[in-house]
Structures are given as C-alpha cells and as structure tokens.
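I have placed the structure first, in the form of structure tokens, so that the comments after it can refer back to it.
Letters go in sequence order (proteins before strands), and every chain restarts at 1. Please read all numbers here as calculations on a predicted model, not as lab measurements.
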Amino acid sequence: MSELRETRLEKGKALAALGQGPYALRFQPSHSTAVLQRDHTDLANGEERELAVAVAGRVMTRRVMGKLAFFTLADESGPIQLYIEKATLQAAQPDNPEVFAQLTSLVDAGDLIGVQGSLKRTDRGELSVKVKGWSMLSKSLQPLPDKWHGLADVETRYRQRYLDLIVSPQTRETFRRRALAVSTMRRWLDGKGFLEIETPVLQSVPGGADARPFETHHNALDLPLTLRIATELHLKRLVVGGFERVYELGRIFRNEGVSTRHNPEFTSVEIYQAYADYTDMMELTERLIAEVCQQVCGGTRISYQGTEIELTPPWRRATMHSLVQEATGLDFTTFTSREQAAGAMEALGLETPALADSVGRLLVEAFEQRVEASLIQPTFVLDYPVENSPLARAHRSKPGLVERFELFIVGRETANAFSELIDPVDQRQRLQAQQQRRAAGDLEAQGVDEDFLQALEVGMPPTGGLGIGIDRLVMLLTDSASIRDVIAFPLLRPEAKTSQRPEAESPS
RNA sequence: GGGUCGCUAGCUCAGCGGUAGAGCACUCGGCUUUUAACCGAUUGGUCCUGAGUUCGAAUCUCAGGCGACCCA
C-alpha cells in the first residue's frame, strides 16, 4: 500500500525538519541485547540499574499508552524491550518539550533506531532499556510482516528473504548453522593439510559428472562456454601437478529442475587425497561429517523431521548388490544379459527404462527404485557398475564394478567417492563410451576432455576422491525439509507482475 | 513431465451464483506496567489474468500465470 509509504516519507521529512534526517551516518552501541539479557539476570522485578547503555536495532513492536510506551527493539543477537516514560525522557532532554511525542509518533514498527538510557526490569519481569535519548538510524518505508502470523507465505519467504530473516529466528539460525558447517569443514580440512584451490567455473568442456550444463558465451574470444557441473577434473589436474591433498568448496551449476532436493546452483566440496583409496575416503567422510555435526549440533545424534539419526562413526557399509538383493530378492550377479535382468525386474513391478541398457544400469535402477529411500541411517553403498562411473577405478577384485561409494542419509545421496581412475588408456575408453551415449541422445553423458587425458598421461598418483553435497548436509543438520530452506536466495521463476512475456516463444 | 491443492484489503484469512467481509496493520482520538496491550472512530479492493456460461460471476466452465505438496 502506497499510503503507508507516503505517511512514512512524511515522517522522514518531519525528522529532517527536526535536524535529524531519516538516515543516520553511524551509531555506536555499547552492548548487544543478548549481552544485556545475559549479564543482568540478577536485576529484580521493578528494580533499576544506573548503567549507561546504548543499543541499536529494529523496532519490532510498539505499545503506546498515553505517557508511557513500550517498544521491542531487536538487534542481531535478539530482542530487548524499551521502556519509554514521558517524564524520564523529558527530564533527560529539557530543551525539547516534544521529545516523547516525536519518539512515539515518528517511529514505526520496522524502523532502525538507536537509544541511550539505563536498565530497568519492569514489574512484569521484562528487562528493558529505560530510554533517555533516541535517534532515527534508518526509516522503513514498508510494513513488517504480520506480527502474529509472521511470514506464512512460503513464496514470500524465499522471494523476500530479508523479511523472513527479520521475523523468523529459525531462519536466522539455519543460516548461522550453515556458515558454521562450512567454516568447520574448511578448518578441519586445512588442519589435515588439505589445500583449497579455486578452479574455473567457466569451462569449454563440461565434465566430472553426468549432468546438463548451463551454456554461456565469452564475447571477446567468441567462445561458447559452460558453467561447471563439477570441480573434479581440474582438482585431479592439481593432483597430477603434485598437490597431494586438495579440495574446493564452491558453487556447482546443473541445468536441471527444481525440487525440495534440487537447486540449479548448489554447493559442493570435492576432496582429493593422493596415495589413498575409497576405503580411506570412507573414514575421512565419517570423521569430517561427524566433526561438522558435533560443532553445529553439539553432538552426533540428531533428529531430522522426527527421525533420530545416529551419525557417530562407524557407519554401515553394504554393497549395492547386497542391498538390492535384500530389498528385492534379485541377485544381479547371476544375470548374464540385460533381457534376463529386465524380465526379473518387471516380474516384480520395477521399471526398466530403455536408457538403462545393461545389467549394471538396471542394477542401479533397481537400487534407486527399491533401496535408496529406505537408507535412513548413514549408509555407505559400495561397488557400483562400471557403466555408471566413468571416472572411478575398476574394482580390485570384482569384474564389472568400480571402487566407488555413495553415502546415503535420510534416503538422500549426500556424498560420492571413488578410488580415482588414473589409467589414461582406460579413462579414454570410458569417456569415449560416454560420448557415444551422448551422441545417442543421453544429454547427461560426459564428453571427452582431451586436456584432462593429457594430464593423466603425465602420471597421476593413486588417489582417493570425495564429493559432499553441502546443501543436503546442511538440510540434515538444520532439520530443514527443503533445500530452499538452506539456500538464502533459491532460484524461483521471476514474478510475472505487469510485464507480459512476448508471444511467439517456446514451441515447448 | 503428470496429479492434487492454493491465489480475495499491506498481512492472516472467511465468503463459494444475488450490495466484497473479519482480525491485525495503517490514520485519528483516549490511556503511566505493556509484551498478540486495550477502548473508540476512520481509511483501505484489478477478488491472479483472459475468455466463456448466466438477467447477474470472487463464486460455475475453459485457457493461461505464479506457488506449495506428491509422483516420475
């Protein structure tokens, strides 16, 4: 409503006429509200304390009753009540007979103000700043969300996250925890001698994962580029270059749909350790995630959406074959042809899409359809078929499989790791097979990155590699049901509003 | 991609074929212990958009937009 905005602009002009504009240059708080709340619990109801305090924050609620007013002021640390007594304020500011009226009429809910005064705990037990002076720091021209219902509209929470943050302590807590999770992870890795190195986001050959990339263009070089879908291939080049422990924690872009578990840009950490294999990476995964959980949640036993999750290592390890057999009764090691496996699956009502063109790919289908969602407690799923894992090393003892694991928690893939494929001849064949699939219509299949193959030919040490989805991990640690709750500004379709989009578009 | 549900005042919602409503917020008046303050008065609408059915549509139908959830 623009009427409210007009009124508040007028109040801003009134403030300017009084010599203080609606937008201050600075203010020096003496305390955060949380420190005041913490340090003065001994102040009894109705008592006052002659401590000079200055606090700044946003006015959340106003209750004006004649010659006395109560405001709630919130800074980043939390709220504190302002006790605004006309007589007290007037005595402190004898030159301005209108000071109380100005404070109560020119300050609206949503404004940022600073106040000076002393402490008083009211008769009802609320620690308050007894106000003796005030200044407008920033005039708000927009209403706050409903003080009782808060921000009920999920869409507004995502589109106008600043409003969500102002009124929802839980949202603030989620992003604090996310920051703590990320910093803990970096600190832990740095402490283990891992070096964080940034690799290109703009790439001419997307690789390192099965996913469709975003396409863009470099003008000066007239060069088509894609945004990275993984950091894998560049981090491996660094291992070839002699860095034995490297990682990158950063943004990945995949041109896919959005859901409660997917956002087109998300954050991953990829970690590479020379002379290690995937069993080493399992231990690393357990220790790293347990440490992050300990720091963020204060323990390794947590509750997610009403389910207890035990993250204290060690975690269950099971092969994909055994899990599928457990869930379906099918022993995929006995199938010698796709037709045989597909027939057995269809007899159980499982789908067998055409793109799953081998026994191995059908095994993965069966796993996704019947096992994945049931892996609630942390579980390492081991030994994937080679067809689905073009960058993982062939298994040391099981033909047709690779040394790979994925970590599942609450039914979601949370980490993915290999004994890395370092044989350049094998790697070339695998990537060529991928490219053939791509030519055959699999838009997620990878291409051949010649420069990467060249690096492997120079010689890469045996290496264990690991990727962890930060957003999904943070969802777990913050008990968030949707990935959008842990991304400050998730991708949404732009609001249509007035501008109609032109016709003659999208043959769909 | 498919299905279900939602979209009405700034916010939260009711109204479901016959004059567009409530609470809160805003504005004005009153009030020195409130904390969803209270009491009184006023103000505030593209009922998501478009087309159709109808004497009459927020309400019924169709198409579209945006969102949520479920499924793939």
Query - Contacting residues from residues 104-122 of chain A, given that a heavy atom lies under 4.0 angstrom of RNA chain B - result: Asp108(A), Lys120(A), Thr122(A)
Query raised in the report: For RNA chain B, which residues in residues 81-91 of chain A have a heavy atom at a distance below 4.0 Å?
Result: Gln81(A), Tyr83(A), Glu85(A), Ala87(A)
Given the [atom1] atoms of [N] and [M], what is the spacing between them in whole Å?
| N | M | atom1 | value |
| --- | --- | --- | --- |
| C13(B) | G45(B) | C1' | 15 Å |
| A9(B) | U42(B) | C1' | 15 Å |
| G30(B) | U12(B) | P | 33 Å |

Find the distance [X]:[atom1] to [N]:[atom2] and express it as a whole number of Å.
| X | N | atom1 | atom2 | value |
| --- | --- | --- | --- | --- |
| Glu372(A) | C71(B) | CD | P | 13 Å |
| Arg63(A) | C26(B) | CZ | P | 13 Å |
| Glu48(A) | U33(B) | CD | P | 15 Å |
| Glu10(A) | C26(B) | CD | C1' | 15 Å |
| Gln142(A) | C26(B) | CD | C1' | 13 Å |
| Tyr158(A) | C69(B) | OH | C1' | 12 Å |
| Lys11(A) | U27(B) | NZ | C1' | 9 Å |

Does [X] reach the main-chain N or O of [Y] with its side chain, forming a donor-acceptor pair under 3.5 Å?
| X | Y | answer |
| --- | --- | --- |
| Arg472(A) | Ile409(A) | no |
| Arg62(A) | Ala69(A) | no |
| Arg404(A) | Phe418(A) | no |
| Gln369(A) | Leu350(A) | no |

Looking at [X], I want to see if its [atom1] is surrounded by more than 12 non-hydrogen atoms of other residues, nucleotides or ligands under 6.0 Å.
| X | atom1 | value |
| --- | --- | --- |
| Arg212(A) | CZ | no |
| Arg251(A) | CZ | no |
| Glu76(A) | CD | no |

Query raised in the report: With both distances under 3.5 Å as the test, what is the Watson-Crick or G-U wobble partner of G23(B)?
Result: C11(B)
Report summary line: Regarding the side chain of Arg159(A), the nearest nucleotide among A72(B), U27(B), G67(B) is G67(B)
Report task. Go through the steps for Phe175(A) and Thr171(A) under the test side-chain contact (heavy atoms from CB on, under 4.5 Å), then give the verdict. Result -> CA-CA 7 Å; Phe175(A) 290 106; Thr171(A) 303; 3.7 Å; yes
Strictly under 3.5 Å: I want the nitrogen or oxygen pairs between protein and nucleotides 2-6 of chain B, one per line.
none

**Report entry** Earlier contact from the 5' end, RNA chain B, for Thr61(A) and Ser482(A)
**Finding:** Thr61(A)
Query raised in the report: Starting at the 5' end of RNA chain B, which residue's closest nucleotide do you reach first, Leu144(A) or Asp123(A)?
Result: Leu144(A)
Report task. Only one of Glu85(A), Glu48(A), Glu50(A) passes salt bridge (Lys or Arg N to Asp or Glu O under 4.0 Å) with Lys132(A); say which it is. Result -> Glu50(A)
Query - Trace of the side-chain contact (heavy atoms from CB on, under 4.5 Å) decision for Ile229(A) with Phe214(A) - result: CA-CA 9 Å; Ile229(A) 55 175; Phe214(A) 284 93; over 6 Å; no
Query - Any side-chain heavy-atom pair of Arg338(A) and Thr352(A) under 4.5 Å - result: yes
